[in-house]
Number of protein chains: 2
Amino acid sequence: MTGSVDQTGAGRGASSAEVRQRLLEIAAHMVREQGAPALSARKLAAAAGTSTMAVYTHFGGMPGLVRAMVAEGFRRLFERVAAVPVTDDPLQDLRNAAAAYRAHAQADPDLYMVMFGSATLGDHRLHREDRIVGLDAFEQIKQFMQRGMAAGALREADPAAVAAQWWTALHGFVMLELTKFIDVVDDAEDTVLWPLMDHLLRSLMVTPGPPEPGVFRQ
Amino acid sequence: MTGSVDQTGAGRGASSAEVRQRLLEIAAHMVREQGAPALSARKLAAAAGTSTMAVYTHFGGMPGLVRAMVAEGFRRLFERVAAVPVTDDPLQDLRNAAAAYRAHAQADPDLYMVMFGSATLGDHRLHREDRIVGLDAFEQIKQFMQRGMAAGALREADPAAVAAQWWTALHGFVMLELTKFIDVVDDAEDTVLWPLMDHLLRSLMVTPGPPEPGVFRQ
DNA sequence: GTCCCATCCATAACGCCGTTATGTTCGGAC
DNA sequence: GTCCGAACATAACGGCGTTATGGATGGGAC
């Protein structure tokens with residue numbers, strides 16, 4: 001039953017891929033505007049002017065639609081971080097990448113929570129293959145670290161390990177910020193995020209800078 | 001039997017507080033064993049041998065039950081971290097506290113995700129008052145930092161800010177670990193968690209230790 | 001041009017969910 | 001004994017994801 005047709009062949013009036021894309025966009029909009037619990041197959045179908053069956057023909061069900069949203073979310077995160085310009089100051093590039101990463105999460109907070117397995121969005125959890133789509137974004141960070149080492153700014157180390165440490169700190173702040181737990185302190189961006197990233201980077205540098213860091217911005 | 005019946009003065013056979021506690025325990029057990037989505041008022045009532053109305057008389061609904069579970073989860077996290085012995089080595093105390101915090105999250109991962117606003121568990125999100133119940137646990141970390149400064153091991157700084165940085169890094173790792181995203185690297189405990197905490201601590205110390213850290217355990 | 005049939009989707013139903021309205025059953029106060 | 005009110009059973013309502021069924025459509029084979 002392997003319908004050869006596949007990518008182009010099927011469909012009528014509005015092509016199959018168009019309906020699929022339309023459903024994804026509307027679903028993302030609903031999550032962004034009204035939060036993850038507001039997304040349902042029925043409301044989505046109503047907003048798209050179709051029936052719930054469209055979700056099943058294109059995504060196999062709500063979990064499939066969520067997986068497609070997650071993949072798209074990671075693709076955009078990757079784009080966003082990849083758009084950070086590469087300068088001759090690898091450390092500043094890392095700071096800019098952190099700012100871009102955080103800005104992306106803030107622009108679509110509920111999608112970020114869905115991407116990282118929280119906010120289960122109904123029932124089904126993410127599978128292994130849903131997680132590896134985030135690898136591109138992680139590779140991006142590894143390359144920043146490798147550039148820092150090649151430029152002699154960072155000590156030689158396993159780029160994956162160092163990138164994971166950087167990502168862990170950043171993800172921790174983003175999550176605490178999105179869930180509002182970071183409000184236990186005032187002015188968290190200047191007292192927590194940038195000092196934390198600065199402390200980490202300084203420990204990774206070959207020649208740690210001045211012990212009292214000027215809080216760097218952006 | 002009822003005996004004292006204490007403050008409420010209500011109830012019959014099994015006292016009101018007993019039923020309430022029983023529902024909480026069974027709900028926590030269901031979340032721990034079968035994940036957050038497996039918890040429902042109907043299944044909980046069936047497991048407790050009562051009707052769904054018990055959830056409403058005692059908690060006002062499922063969101064109220066979730067809030068009670070979150071409060072209990074923070075209370076136990078506080079207990080667990082507070083049980084870390086205070087020695088004359090504040091830095092080692094902080095490492096032990098991190099290990100205890102992580103162990104607590106690993107022992108009940110789904111509850112940890114619910115506590116931190118992820119895994120919305122049905123619908124309702126956490127309110128402000130649900131979040132401040134975590135303040136006790138945060139105060140605990142602040143005290144560790146203050147001890148480190150008083151002992152001359154850590155540089156003088158705002159204990160709240162420093163504690164938040166430490167918490168951010170730790171929470172980030174715990175979340176990435178629970179969602180399995182940290183599997184992008186091998187041996188994450190030794191290549192990410194402890195090096196990250198070590199790098200942060202070393203930047204906070206008055207006299208940074210040897211540049212190449214022996215990876216500390218436990 | 002004609003036929004064929006895979007594809008897409010509308011409709012309706014099933015079982016689950018949280019929640020609510022209503023009635024019943026008690027323990028304790030008087 | 002009488003009464004009150006808290007605690008719970010029962011049943012219903014609307015919404016959810018999902019599935020079964022059938023009708024419409026349009027491209028490919030001939």
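Chain A is the first sequence line, chain B the second, and so forth, proteins listed ahead of strands; every chain is numbered from 1. The model shown is predicted, which means the values in this text are computed figures rather than measured ones.
A search for side chain to side chain contact (heavy atoms under 4.5 Å, CB included) contacts involving Leu176(B) returns Phe116(A), Trp167(A), Thr168(A), His171(A), Phe181(B), Ile182(B), not counting sequence neighbours. Glu177(A) pairs by the salt bridge (charged side-chain N to carboxylate O under 4.0 Å, His left out) definition with Arg102(A), not counting sequence neighbours.
Nearest-nucleotide positions on DNA chain C place Thr50(A) closer to the 5' end than the other of Thr50(A) and Gly61(B).
Using a 4.0 Å heavy-atom cutoff across all strands shown, Thr57(A) reaches at least one base atom of the nucleic acid.
The nearest whole Å value for the distance from the CZ atom in Arg20(A) to the P atom in dT7(C) is 16 Å. Rounding to whole angstrom units, CG of residue Leu39(A) and C1' of dG17(D) are separated by 12 Å. Atom CE of Met62(A) is separated from atom P of dC17(C) by 18 Å (rounded to the nearest Å). Between Phe59(B) atom CZ and dT19(C) atom C1' the separation is 17 Å, expressed in whole Å. A straight line from CG of Leu65(B) to P of dT19(C) spans 10 Å, rounded to a whole angstrom. When the C1' atom of dC9(C) is taken as reference, atom CZ of Arg22(A) falls 14 Å away, rounded to whole Å.
Note on Lys43(A): a side-chain N or O is less than 4.0 Å away from OP1 or OP2 of dC16(D). Proximity of Tyr56(B) to the phosphate of dT20(C): no side-chain N or O atom is located under 4.0 Å from OP1 or OP2. For the OP1/OP2 pair of dC8(D) and a distance below 4.0 Å, the side-chain nitrogens and oxygens of His58(B) include at least one atom meeting the criterion.
Here salt bridge (Lys or Arg N to Asp or Glu O under 4.0 Å) pairs that include residues 32-41 of chain B, with residues two or more places apart or in two chains, are Arg32(B)-Asp108(B). Sorted by first and then second residue, the pairs that involve residues 133-146 of chain B and meet side chain to side chain donor-acceptor pair (under 3.5 Å), not counting sequence neighbours, are Glu139(B)-Lys142(B).
Relative to the six-membered ring of Phe78(B), Arg75(B) misses at least one condition, a distance below 6.0 Å or an angle of at most 45° to the axis.
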Listed pairs, N/O of protein and of nucleotides 10-12 of chain D, under 3.5 Å:
residue : atom : partner  : partner atom : Å
dA12(D) : N6   : Arg42(B) : NH2          : 3.4

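The number of heavy-atom neighbours closer than 6.0 Å to CZ of Arg76(B), taken from other residues, nucleotides and ligands shown, is 12 or below.
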Extract all donor-acceptor atom pairs below 3.5 Å that involve side chains of residues 34-58 of chain B and protein atoms in other chains or at least two apart in sequence.
residue  : atom : partner  : partner atom : Å
Ser40(B) : OG   : Lys43(B) : N            : 3.1
Ser51(B) : OG   : Met53(B) : N            : 3.2
Thr57(B) : OG1  : Met53(B) : O            : 3.4
Thr57(B) : OG1  : Ala54(B) : O            : 3.0

